[in-house]
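What follows is a short report on a single structure.
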Amino acid sequence: MKLYIRQKVFSFRDKFYVKDEYGEDKYYVEGELFSFGKKLHIYNLAGNELALVHQKVLSFMPKFTVEINNTVICEIVKKVTFFKPKYIVNGLGWDVEGDIFAHDYVITSGNRSIVSIHKQWMTWGDTFELDIDDNENEIVALGVVLAIDTVLDANNN
């Protein structure tokens, strides 16, 4: 299953739709403008919250959690490195590999691909293609990708 994230270039707080491979809206993501740490809510089109991506503020390196039904599913931690960013997904046994700066990376579990992420160039705003291996991991994979993208955006600004 493929999902597409197209973020608006000029926006005070994050608000965007996640589209399916047919160009139809599938999820809605909305950030909180005034919150202690970055928070992104993932909703279905009926307005029901499916997940919360939440930044842990009091940490040396960026840390995010993905929560579903008020239960922490995983924690995304940026590791200290000198040349290229490295992320660990605690709680799921997932690894992040590839060129994260170029938004061209893969999240794996063992030797199985969970999701591959590719940035589409020459588009207005940032557009990312997520190729998710299993529908069961769709919401969690989306949350992990949003957390990594939030850290990259913060470093670029």
Atom of [X], atom of [Y] and distance for their closest heavy-atom approach:
X	Y	value
Leu3	Val18	CB-CG1, 3.9 Å
Gly31	Leu40	CA-CD2, 3.7 Å
Val106	Ser113	CG1-OG, 3.8 Å
Gly143	Val66	C-CG2, 3.8 Å
Glu97	Tyr105	O-CB, 3.1 Å
Val140	Cys74	CG1-SG, 4.2 Å

Mark yes when over 12 heavy atoms from residues, nucleotides or ligands other than Asn70 sit less than 6.0 Å from its CG; otherwise mark no.
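Atom CG in Asn70 is not crowded, with 12 or fewer foreign heavy atoms closer than 6.0 Å.
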Taking atom [atom1] of [X] and atom [atom2] of [Y], what is their separation to the nearest 0.5 Å?
X	Y	atom1	atom2	value
Gln55	Phe64	CD	CZ	4.0 Å
Ile88	Glu75	CD1	CD	11.0 Å
Leu92	Asn137	CG	CG	8.0 Å
Leu50	Asn44	CG	CG	4.5 Å
Lys78	Lys63	NZ	NZ	14.0 Å
His41	Glu32	NE2	CD	3.5 Å

Would a distance-only check, ignoring hydrogens and angles, find a side-chain to backbone donor-acceptor pair under 3.5 Å from Asn69 to Thr71?
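Side chain of Asn69 to backbone of Thr71: no pair is present.
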Among Leu142, Ile117, Asp149, Val29, find the residue that satisfies the side chain to side chain contact (heavy atoms under 4.5 Å, CB included) test when tested with Ile5.
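Considering Leu142, Ile117, Asp149, Val29, a side chain to side chain contact (heavy atoms under 4.5 Å, CB included) with Ile5 is found only for Leu142.
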With Tyr17 as reference, evaluate Tyr28, Tyr4, Tyr27 under the side chain to side chain contact (heavy atoms under 4.5 Å, CB included) test and give the passing residue.
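The residue from Tyr28, Tyr4, Tyr27 that satisfies side chain to side chain contact (heavy atoms under 4.5 Å, CB included) with Tyr17 turns out to be Tyr28.
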Are [Y] and [X] connected in a single hydrophobic cluster, I mean Ile/Leu/Val/Met/Phe/Trp/Tyr linked by side-chain heavy atoms less than 4.5 Å apart?
X	Y	value
Ile114	Val77	no
Leu52	Phe16	no
Leu130	Ile73	yes
Val145	Met1	yes
Ile139	Leu146	yes

If we only count heavy atoms from C-beta on, is the Lys56 to Thr65 side-chain gap below 4.5 Å?
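The answer is yes; the side chains approach within 4.5 Å.
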Any side-chain heavy-atom pair from Asp133 and Arg112 closer than 4.5 angstrom?
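Asp133 vs Arg112: side chains touch.
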Could you check whether Asp20 pairs with Lys26 (Lys NZ or Arg NE/NH1/NH2 to Asp/Glu carboxylate O, under 4.0 Å)?
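No, no charged N to carboxylate O under 4.0 Å.
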Determine, for Lys39 against Glu30, whether the closest basic-nitrogen to carboxylate-oxygen distance falls under 4.0 angstrom.
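A salt bridge is absent here (no side-chain N lies under 4.0 Å from a carboxylate O).
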